[in-house]
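Beneath this line is the structure, given in structure tokens, with notes to follow.
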Amino acid sequence: MLSRAATAASHSLIVASSRNASKSFVNLNCNIPRFLGFKQLSRSLYGCSCSCSGSLSFRWNSSSKRKFNRSRMEGFAVRASAQPLKNADELIDSVETFIFDCDGVIWKGDKLIDGVPETLDMLRSKGKRLVFVTNNSTKSRKQYGKKFETLGLSVTEEEIFASSFAAAAYLKSIDFPKEKKVYVIGEDGILKELELAGYRYLGGPDDGGKKIELKPGFLMEHDKDVGAVVVGFDRYFNYYKVQYGTLCIRENPGCLFIATNRDAVTHLTDAQEWAGGGSMVGALCGSTQREPLVVGKPSTFMMDYLANKFGIEKSQICMVGDRLDTDILFGQNGGCKTLLVLSGVTSLSTLQSPKNSIQPDFYTNKISDFLSLKAATV
């Protein structure tokens, strides 16, 4: 069973997005949007007239038998400051599974970070399950498998979870109608995962070269059968895609607005940071005045999916990442142990800044510190 909270919040957005939609809901839990990585969900904006009593139940349509219920989320406790990792063995022995972010943890651009192969081998020798989760939607799981192989790492497709896969998995989890289409603002990874899931799509790189010739009285047509717009990182992003996606979201009844992630920056090369998928998502937020449903980190959709797929207790998971607002928050939202590595976007000064409210359980320079810190404690 996939994340009920994730599925529930999406349905509330489906309903709210259309005046004529045939979906209904009651008692929307106002904590859910923040839980899934939304900034806010305005009642006045979406026409919500519900009373937020702490539980929710609704249906996909009048014939659906699937119902969902979610109790009110408990408030997060204030966390103590992160501690430097001093005893790697203690952390390793306390969990069964390690979830690793990829960019900034395993590699930077196309360059492997020092000590990664030896660290992964050591963890596998101790019987630990390894899972690799990335917000980068440009590749499918199969394509990421090839990247791992190119870098000399032995990782199976079943161990890889990209946000491109999460978008398709989410649509399947809500029984998204197969007769509907998906408009993609993103790259090949999303298209391949949608195709594997059996969904029809349009857009993607094919729309990268399209232009709008504005003339007096010009009206841009769009496909009325588009039931979801999926936005991810897109190096072929242009005004045509913004307008097409905007029309689908604003004018197609019940059209979903799904973001693979809202990362501000990404590592296209190891030389500098580059504008991330959040910049593309932000453009659609501005034009539609809507907040997306986020299926990548820090939403717990993928965490719940993994926990159910592998039968993992979340308390037996350690999330390892380089970003506070995605990786570490993802682990904390899921109830996991968290380890921040300083090999990516987050510096020690950022972590320790009074302005930073997200504190992992531990921090260290890079994952290969598992090896040196282990040796130091023998």
Side-chain angles (χ1 to χ4, degrees), residues 10 13 36-37 101-103 109 133-147 160-173 176 180-211 222-223 225-249 252 255-268 274-288 290-299 301-302 326:
S10 69
L13 289 181
L36 288 174
D101 176 48
C102 295
D103 297 325
V133 176
T134 175
N135 266 355
N136 191 328
S137 62
T138 60
K139 295 180 175 64
S140 65
R141 292 203 293 175
K142 186 174 183 178
Q143 289 171 315
Y144 269 112
K146 291 180 179 178
K147 177 167 184 174
I160 303 168
F161 290 85
S163 61
S164 53
F165 171 78
Y170 173 74
L171 291 173
K172 290 183 71 173
S173 78
F176 182 74
K180 289 289 187 180
K181 299 175 185 176
V182 181
Y183 183 68
V184 177
I185 299 176
E187 300 194 14
D188 195 46
I190 299 173
L191 305 187
K192 288 187 179 300
E193 294 293 356
L194 289 173
E195 185 175 354
L196 287 171
Y199 291 114
R200 296 184 298 163
Y201 59 81
L202 60 157
D206 286 348
D207 283 359
K210 294 182 180 180
K211 298 181 179 179
H222 72 285
D223 194 326
D225 288 332
V226 170
V229 174
V230 175
V231 184
F233 180 76
D234 191 345
R235 286 169 289 189
Y236 313 98
F237 191 65
N238 59 20
Y239 188 66
Y240 178 93
K241 294 184 179 184
V242 173
Q243 178 65 3
Y244 200 101
T246 299
L247 290 172
C248 292
I249 293 170
N252 289 4
C255 184
L256 295 168
F257 177 16
I258 298 172
T260 61
N261 69 84
R262 301 188 76 161
D263 292 357
V265 296
T266 187
H267 292 114
L268 297 180
W274 299 79
S279 58
M280 292 83 191
V281 175
L284 270 292
C285 290
S287 62
T288 64
R290 286 266 303 273
E291 288 294 318
L293 185 144
V294 182
V295 294
K297 298 171 291 184
S299 159
F301 175 78
M302 283 199 287
T326 55

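Scope of the values below: all heavy atoms of this structure, side chains included, with no hydrogens, waters or symmetry mates. All residue numbers refer to positions in the sequence shown, counting from 1.
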Practice task
Evaluate side chain to side chain contact (heavy atoms under 4.5 Å, CB included) for V231 paired with F257, printing each intermediate quantity in order.
Solution key: CA-CA 8 Å; V231 184; F257 177 16; 3.8 Å; yes
Quick one: does any side-chain atom of [X] pair with a main-chain N or O of [Y] as donor and acceptor, under 3.5 Å?
X: Y244; Y: G203; answer: no
X: S287; Y: T246; answer: no
X: S163; Y: N135; answer: yes
X: T288; Y: L284; answer: yes
X: S299; Y: V294; answer: yes

Practice task
Could you tell me which non-hydrogen atom of P292 sits nearest to which non-hydrogen atom of V281, and how far apart they are?
Solution key: CG-CG1, 3.8 Å
Practice task
Can you see which heavy atom on V133 is nearest to which on M302, and at what distance?
Solution key: CG1-CE, 3.5 Å
Problem - Any pair counted as side chain to side chain donor-acceptor pair (under 3.5 Å), so long as it reaches residues 230-243, sequence neighbours left out - result: E187-R235, D234-K241
Side chain proximity check, [X] to [Y], heavy atoms < 4.5 angstrom:
X: L256; Y: V229; value: no
X: L293; Y: F301; value: no
X: K181; Y: D223; value: yes
X: I185; Y: V230; value: no
X: T134; Y: F161; value: no
X: F233; Y: L268; value: yes
X: K297; Y: N261; value: no

Practice task
Using ring-ring contact (aromatic ring centres under 6.0 Å, His included) as the criterion, list what pairs up with F237, not counting sequence neighbours.
Solution key: none
Handout entry: Check: Y201 ring centre within less than 6.0 Å of Y183 ring centre
Key = no
Problem - Over 12 non-hydrogen atoms of neighbours within 6.0 angstrom of NZ in K147 - result: yes
Fill in the blank from the handout: dist D103:CG -> T266:OG1 (nearest 0.5 Å) comes out at 5.0 Å
Handout entry: S140 vs K146, side chain to side chain contact (heavy atoms under 4.5 Å, CB included): CA-CA, chis, key distance, verdict
Key = CA-CA 10 Å; S140 65; K146 291 180 179 178; over 6 Å; no
Handout entry: salt_bridge(D225, R200) N-O dist < 4.0 Å
Key = no
Could you list the donor-acceptor pairs under 3.5 angstrom formed between side-chain atoms of residues 188-197 and any protein atom two or more places apart in sequence or on another chain?
| unit_1 | atom_1 | unit_2 | atom_2 | d |
| --- | --- | --- | --- | --- |
| D188 | OD2 | Q143 | NE2 | 3.1 |
| E193 | OE2 | R141 | N | 2.9 |

Problem - Step-by-step side chain to side chain contact (heavy atoms under 4.5 Å, CB included) determination, L171 to V182 - result: CA-CA 10 Å; L171 291 173; V182 181; 3.9 Å; yes
Exercise for the section: Applying side chain to side chain contact (heavy atoms under 4.5 Å, CB included), run through R290 and I249 and close with a yes or a no. Expected result: CA-CA 9 Å; R290 286 266 303 273; I249 293 170; 3.5 Å; yes
Exercise for the section: Walk me through it: do N136 and T138 pass the test side-chain hydrogen bond (donor to acceptor under 3.5 Å, both in side chains)? Expected result: CA-CA 6 Å; N136 191 328; T138 60; 2.7 Å; yes
